[in-house]
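Just follow the structure's listing: the first ligand is 1, and inside any ligand the first atom is 1. Residues take their numbers from the sequence shown, with the count starting at 1.
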Amino acid sequence: MDVDFSGKVVLVTGASAGIGEAAALLFAQYGASVALVGRNEKNLLSVTKRCEQSKGNPALAIVADLGTDAGCEETARRTKERFGRLDVLVNNAGVTARSTLQTADMQTFDTVFAIDVRGVYNLTRLLVPELIKTKGNIVNVSSISGSMVAVGSLPYSMAKAALDHFTRVISLELAPLGVRVNTVSPGVTISKIVQRVTNFTDEQYNEFLNEAAGAIPMGEVCTGEDVAKMILHLASDNSRLVTGVIVQVDGALQYAKLGNLMKKQVK
Ligand SMILES: NC(=O)c1ccc[n+]([C@@H]2O[C@H](COP(=O)([O-])OP(=O)(O)OC[C@H]3O[C@@H](n4cnc5c(N)ncnc54)[C@H](OP(=O)(O)O)[C@@H]3O)[C@@H](O)[C@H]2O)c1
């Protein structure tokens, strides 16, 4: 069964790059009107334009920092003003940090939690009344870091573990109201997120991806589109009675091997 988002409004956070960009483009390709959030205006406008051109449906760019209450409030307000409804909320925006208990200062902890946990909680809280009206659904983008026990990104691992539990608990709260809540948990996925925190050159990043592929029994790291396809599957009517699940998209990644690679990246 194919997916169809015609007539639906989908909000994708972190749509200016990586997995969010791939998801936004795929939702637009399958007929959705999209609201896209990110801080990098140039990148966000470029993705928005490509979404509009895909099937001619409207696409709204919202430049906002979801690590702030003002950014979450503006995102919710502008989405409601522009479209008057919301069918799918994709909480994808996220940041990481390569750090341990001994190396991370509280600023790192606060930044990661502000965006990866507080921002998701706040935006979801602000928009859940719209999702109840449409009997819509939420897809959170977590990480295998939320369940794998490895040294190298402590606040991020904790934040994603919190996000996983957020999914489980609110899926139960919202199920009687007809709102589904699921999570996609990517393994190593090609994007800018690692280079943002390691300052790797492209060559060093490619070397990391090659090494990571060695820790993946299926032999390949993921692309943004691999993850985006699962986001659309969970958001679609094909998953009508699926809620509270955490789906890993990781090629059967072996945690211990990846953990060793990440540990090497801590400064
Ligand atoms: N790539 C991986 O290997 C991997 C693995 C597991 C999980 N994930 C998760 O997948 C999600 C997407 O990451 P990615 O790999 O696609 O990384 P990415 O290329 O760095 O993209 C992250 C996105 O989040 C946005 N963002 C970050 N902070 C924000 C803020 N304060 N307010 C608004 N937008 C913000 C960024 O936009 P701006 O820069 O424009 O603000 C960007 O669009 C994240 O939640 C990440 O934890 C990624």
Side-chain angles (χ1 to χ4, degrees), residues 11-25 35-48 61-76 90-98 110-120 122-123 139-148 150 152-153 155-164 166-167 183-198 200 205 208-209 211-213 215-216 220-228 230-231 246-251 253 255 258 261-262 265:
L11 170 59
V12 181
T13 72
S16 56
I19 293 167
E21 173 180 353
L25 291 167
L36 310 180
V37 194
R39 294 163 302 179
N40 183 318
E41 185 170 18
K42 185 166 166 267
N43 289 356
L44 193 67
L45 290 177
S46 153
V47 179
T48 307
I62 304 169
V63 179
D65 181 352
L66 294 169
T68 66
D69 289 354
C72 292
E73 284 156 18
E74 191 191 342
T75 298
V90 181
N91 286 313
N92 163 76
V95 291
T96 186
R98 287 288 181 262
D110 287 344
T111 302
V112 171
F113 267 72
I115 297 165
D116 295 5
V117 181
R118 195 175 199 282
V120 174
N122 199 8
L123 188 64
V139 181
N140 295 318
V141 179
S142 181
S143 166
I144 45 113
S145 295
S147 50
M148 87 180 192
S153 56
Y156 179 71
S157 302
M158 291 169 67
K160 292 302 191 181
L163 181 61
D164 289 350
F166 178 67
T167 294
T183 281
V184 177
S185 200
V188 179
T189 305
I190 301 164
S191 80
K192 290 284 176 221
I193 199 163
V194 170
Q195 282 177 288
R196 284 182 201 246
V197 291
T198 56
F200 278 178
Y205 181 57
F208 163 70
L209 291 176
E211 283 183 313
I216 300 172
E220 284 180 60
V221 297
C222 303
T223 63
E225 196 165 275
D226 291 323
V227 180
M230 182 53 71
I231 295 172
I246 295 169
V247 180
Q248 295 183 355
V249 178
D250 67 0
L253 183 76
Y255 289 179
L258 182 70
L261 286 179
M262 280 171 46
Q265 293 171 4

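Within 4.0 Å of ligand 1, protein heavy atoms come from Gly14, Ala15, Ser16, Ala17, Gly18, Ile19, Gly38, Arg39, Asn40, Ala64, Asp65, Leu66, Gly67, Asn92, Ala93, Gly94, Val95, Ile115, Val141, Ser142, Ser143, Tyr156, Lys160, Pro186, Gly187, Val188, Thr189, Ser191, Lys192, Ile193, Arg196.
Within 6.0 Å of the CD atom in Glu220, the count of heavy atoms belonging to other residues, nucleotides or ligands does not exceed 12.
Judged by distance alone, the side chains of Asn43 and Ser46 never bring a donor and an acceptor atom under 3.5 Å apart. A donor atom on one side chain and an acceptor atom on the other are not found under 3.5 Å apart for Asn40 and Ser16.
When the salt bridge (Lys or Arg N to Asp or Glu O under 4.0 Å) test is applied to Glu211, the partners found at least two apart in sequence or on another chain are Lys264.
Side chain of Thr223 to backbone of Asp226: a donor-acceptor contact under 3.5 angstrom is found. In this structure, Asn140 contributes its side chain and Ser142 its backbone to no donor-acceptor pair below 3.5 Å.
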